[in-house]
Amino acid sequence: MRNLWNDKQLHHRFQLVERESKVVLEESIEIHKVESAKYNGTAEAVRGASVLDAVGLLGQEGKAIGRVKTYQELLGYRVRTDEELSRMSTEQLTSTIAERQRRLQTRNG
C-alpha cells in the first residue's frame, strides 16, 4: 500500500475549518487516516497516535473498543475513554460487547 504523505507521521487527523475566519468546528466531523504501511511493529512508530489508533494497529482490540463505545452511546451510558478501554483484555471487551448487545435488544424488543 502506498503512503499518501511523504512524512513519517503514522496518524493524520483532519477537521472542518471555516476558511475565512479559520474557526475549527469542534465536535463535528473528523477524518482520521492511519497509514499502516508506515507501522514497523515498534512502540516508536505509534508515538503521537491516539491510544485507539495504536491499539487498532496492534490487533483486533481497536475494533472492539469502537464497538463498546458505540453501544455505550446508543444506550446512553457514560462513554469510557479510549485509554480506559485499552486497559481491558480482549475477553473483557468481548464480554462487554455481548452484554451491551443484550441490553440494546431488550430495550428495543
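It should be emphasised that the depicted structure is a prediction, and the values quoted were computed from it without experimental measurement.
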Heavy-atom distance under 4.5 Å between the side chains of [X] and [Y], does that happen here?
| X | Y | value |
| --- | --- | --- |
| Met88 | Thr96 | yes |
| Arg100 | Ile97 | no |
| Arg80 | Arg87 | no |

With sequence neighbours excluded, what pairs up with [X] under the side chain to side chain donor-acceptor pair (under 3.5 Å) test?
| X | value |
| --- | --- |
| Glu99 | Arg103 |
| Ser21 | Glu18 |
| Glu84 | Arg78, Thr81 |

Which residues pass the side-chain contact (heavy atoms from CB on, under 4.5 Å) test with Glu26, sequence neighbours left out?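 For Glu26, the residues satisfying side-chain contact (heavy atoms from CB on, under 4.5 Å) (neighbours in sequence not counted) are Gln15, Val24.
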Partner residues of Val79 under the side-chain contact (heavy atoms from CB on, under 4.5 Å) criterion, sequence neighbours left out: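 Val79: side-chain contact (heavy atoms from CB on, under 4.5 Å) contacts with Lys69, Gln72, Glu73.
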Arg13: what forms a salt bridge (Lys or Arg N to Asp or Glu O under 4.0 Å) with it, not counting sequence neighbours?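 If we apply the salt bridge (Lys or Arg N to Asp or Glu O under 4.0 Å) test to Arg13, skipping adjacent residues, the hits are Glu30.
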Yes or no on side-chain contact (heavy atoms from CB on, under 4.5 Å) for Thr94 and Glu91, after CA distance, side-chain angles and deciding distance? CA-CA 5 Å; Thr94 302; Glu91 293 79 23; 5.7 Å; no
Once you round to the nearest 0.5 Å, how far does CZ of Arg67 lie from CG of Leu85?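 Rounded to the nearest 0.5 Å, the CZ-CG separation comes to 13.5 Å.
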Indicate, with yes or no, if Val17 and Leu25 share a hydrophobic cluster defined by side-chain heavy-atom contacts under 4.5 Å among Ile, Leu, Val, Met, Phe, Trp and Tyr.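 No, Leu25 and Val17 fall in different hydrophobic clusters.
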